[in-house]
Q: 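I'd like to ask some things about the structure below.
Hydrogens, waters and symmetry mates are skipped; everything else that's a heavy atom, side chains included, is used. Below, chains carry the letters A, B, ... as their sequence lines are ordered, and counting in each starts from 1.
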There are 2 protein chains.
Amino acid sequence: MANWFSRAPRRIELPRLRSRNEELATKKVDLEEFAPGVLDFLGRSAYVQLTQFECLSRAISGAPSTAAKTAIGRVAEISLGRHRMLVDEIAKAGRNPAEVMEPSAADVDAFQRTTLSTDWFETVMSCYLTAGFLDDFFARLALGLPADVAKRIAGIFTGDSGEAVLADILQGAIEADPRLASRLAMWGRRLVGDTMLVARSSLRYSEDHTSDEARIEPVFTELIAAHTRRMDALGLTA
Amino acid sequence: MANWFSRAPRRIELPRLRSRNEELATKKVDLEEFAPGVLDFLGRSAYVQLTQFECLSRAISGAPSTAAKTAIGRVAEISLGRHRMLVDEIAKAGRNPAEVMEPSAADVDAFQRTTLSTDWFETVMSCYLTAGFLDDFFARLALGLPADVAKRIAGIFTGDSGEAVLADILQGAIEADPRLASRLAMWGRRLVGDTMLVARSSLRYSEDHTSDEARIEPVFTELIAAHTRRMDALGLTA
């Protein structure tokens with residue numbers, strides 16, 4: 001097991017996280033009717049993925065040890081790979097990826113700023129929680145895209161995201177300094193609100209907002225339950 | 001062709017860069033006798049690769065356009081992939097990658113600090129020139145490793161590094177604002193000195209330093225010639 005904070009070897013138990021695939025398979029997907037057009041979906045999710053990578057790259061630059069740097073490097077590589085696959089889908093559709101991502105830049109950048117922290121552990125927490133939530137969200141939403149692309153695009157957001165590496169680092173940090181727990185719990189609670197907002201603004205609403213909200217609600221309840229499990233994995237209360 | 005700095009479409013010619021493979025094949029490799037042990041080589045080059053990725057991630061975060069962000073993302077993914085391959089070689093040898101990289105951290109970090117700039121174009125220039133130089137250097141040095149690993153490890157540093165993407169961005173910037181040329185030329189001249197130092201400190205010298213220097217000299221002359229071609233590709237004097 002890696003040793004994130006010092007040279008003294010220490011053993012950290014990996015948290016028991018269910019894989020995204022497992023969770024997605026066992027739950028009714030009901031965001032489908034809110035899926036935007038394919039290009040809107042790809043542009044937004046590709047730009048979100050890019051900012052998730054930027055969060056990881058800040059975590060790498062600020063890491064307190066070479067072990068943490070190289071471990072988060074693997075997560076960042078997966079994140080960049082997903083971004084590239086989304087960008088390739090846009091190019092395959094004959095469009096310029098940067099142009100298709102551009103309309104999302106302002107509000108996703110604004111969201112990203114709310115996840116910034118000068119504290120390294122909070123930065124890792126931001127990467128862990130927002131990527132977890134938004135990957136789940138986009139995987140579900142993608143299933144509402146046209147049948148010929150839905151599964152392929154949803155597949156980009158499932159599979160190993162490297163989440164366990166981040167959970168492992170955070171769990172080790174809390175174990176080493178239990179005072180971190182309350183601060184990270186508060187940070188997690190702050191993040192989930194903004195993350196939900198950026199997810200919601202990716203939906204295509206009908207004209208009947210009240211009825212939309214009622215139908216969206218149960219899905220967000222499930223996404224929040226998954227968020228709670230991510231907090232639980234660190235021994236934190238959501 | 002991508003449009004790095006604004007929304008107005010503009011066509012940029014790709015610079016004609018020779019591939020690293022081509023250069024390596026046509027030149028006598030004579031750093032072999034200075035190759036350190038396999039683990040020392042892997043630890044140092046893996047850590048250097050990590051800092052090259054960090055340079056690219058700063059270039060992504062500071063990029064003035066989504067087009068530049070996503071294009072540099074591909075370069076960063078290649079860089080992280082190379083880092084991972086080097087780390088995997090260390091793990092394959094039964095060692096802990098972070099421990100093997102650790103002895104290089106202090107002086108490679110010090111080198112990295114000399115490549116930092118608050119100016120985005122200078123940051124991209126740092127990524128372009130130092131990665132170009134050090135990839136060439138490590139590819140040559142790797143050929144002096146034991147025969148069973150030499151070619152495989154040298155191969156990690158050859159092939160497409162995404163260098164043309166960075167050259168393209170810099171060329172476009174200089175074309176759009178010719179006053180950048182002299183500033184970036186000066187920055188390039190500053191970088192090459194520190195880059196040579198970090199390369200030299202990766203060599204295993206014999207007890208006869210004077211004789212070593214005489215034998216190393218022609219190789220560095222060739223590495224500097226390649227650096228000069230990278231500057232030429234931007235229309236800059238080295």
Q: Which region of B:R74, side chain (C-beta onward) or backbone (N, CA, C, O), has a non-hydrogen atom less than 4.5 Å from a non-hydrogen atom of chain A, or is it both or neither?
A: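 Only the side chain of B:R74 comes within 4.5 Å of chain A.
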
Q: Judged by modelled atom types alone, do A:T123 and A:R58 share a side-chain donor-acceptor pair under 3.5 Å?
A: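 Side chains of A:T123 and A:R58: no pair found under 3.5 Å.
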
Q: Among B:G81, B:S79, B:A105, B:P97, who wins on heavy-atom pairs under 4.5 Å with chain A?
A: B:G81

Q: Using the benzene-type ring in the case of Trp, are the ring centres of B:F137 and B:F157 under 6.0 Å apart?
A: no

Q: Which pairs pass salt bridge (Lys or Arg N to Asp or Glu O under 4.0 Å) with one or both residues in residues 112-131 of chain A, sequence neighbours excluded?
A: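 Pairs touching residues 112-131 of chain A that pass the test: A:D119-A:R183, A:E122-A:R183.
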
Q: Find the one option among A:K69, A:E77, A:E54 whose heavy-atom pairs under 4.5 Å with chain B are most numerous.
A: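 Most pairs with chain B among the choices: A:E77.
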
Q: Among A:L50, A:T66, A:L56, single out the residue with the greatest number of heavy-atom pairs under 4.5 Å to chain B.
A: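 Between A:L50, A:T66, A:L56, the count favours A:T66.
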
Q: Checking B:R44 against B:S201: is there a side-chain donor and acceptor pair closer than 3.5 Å?
A: yes

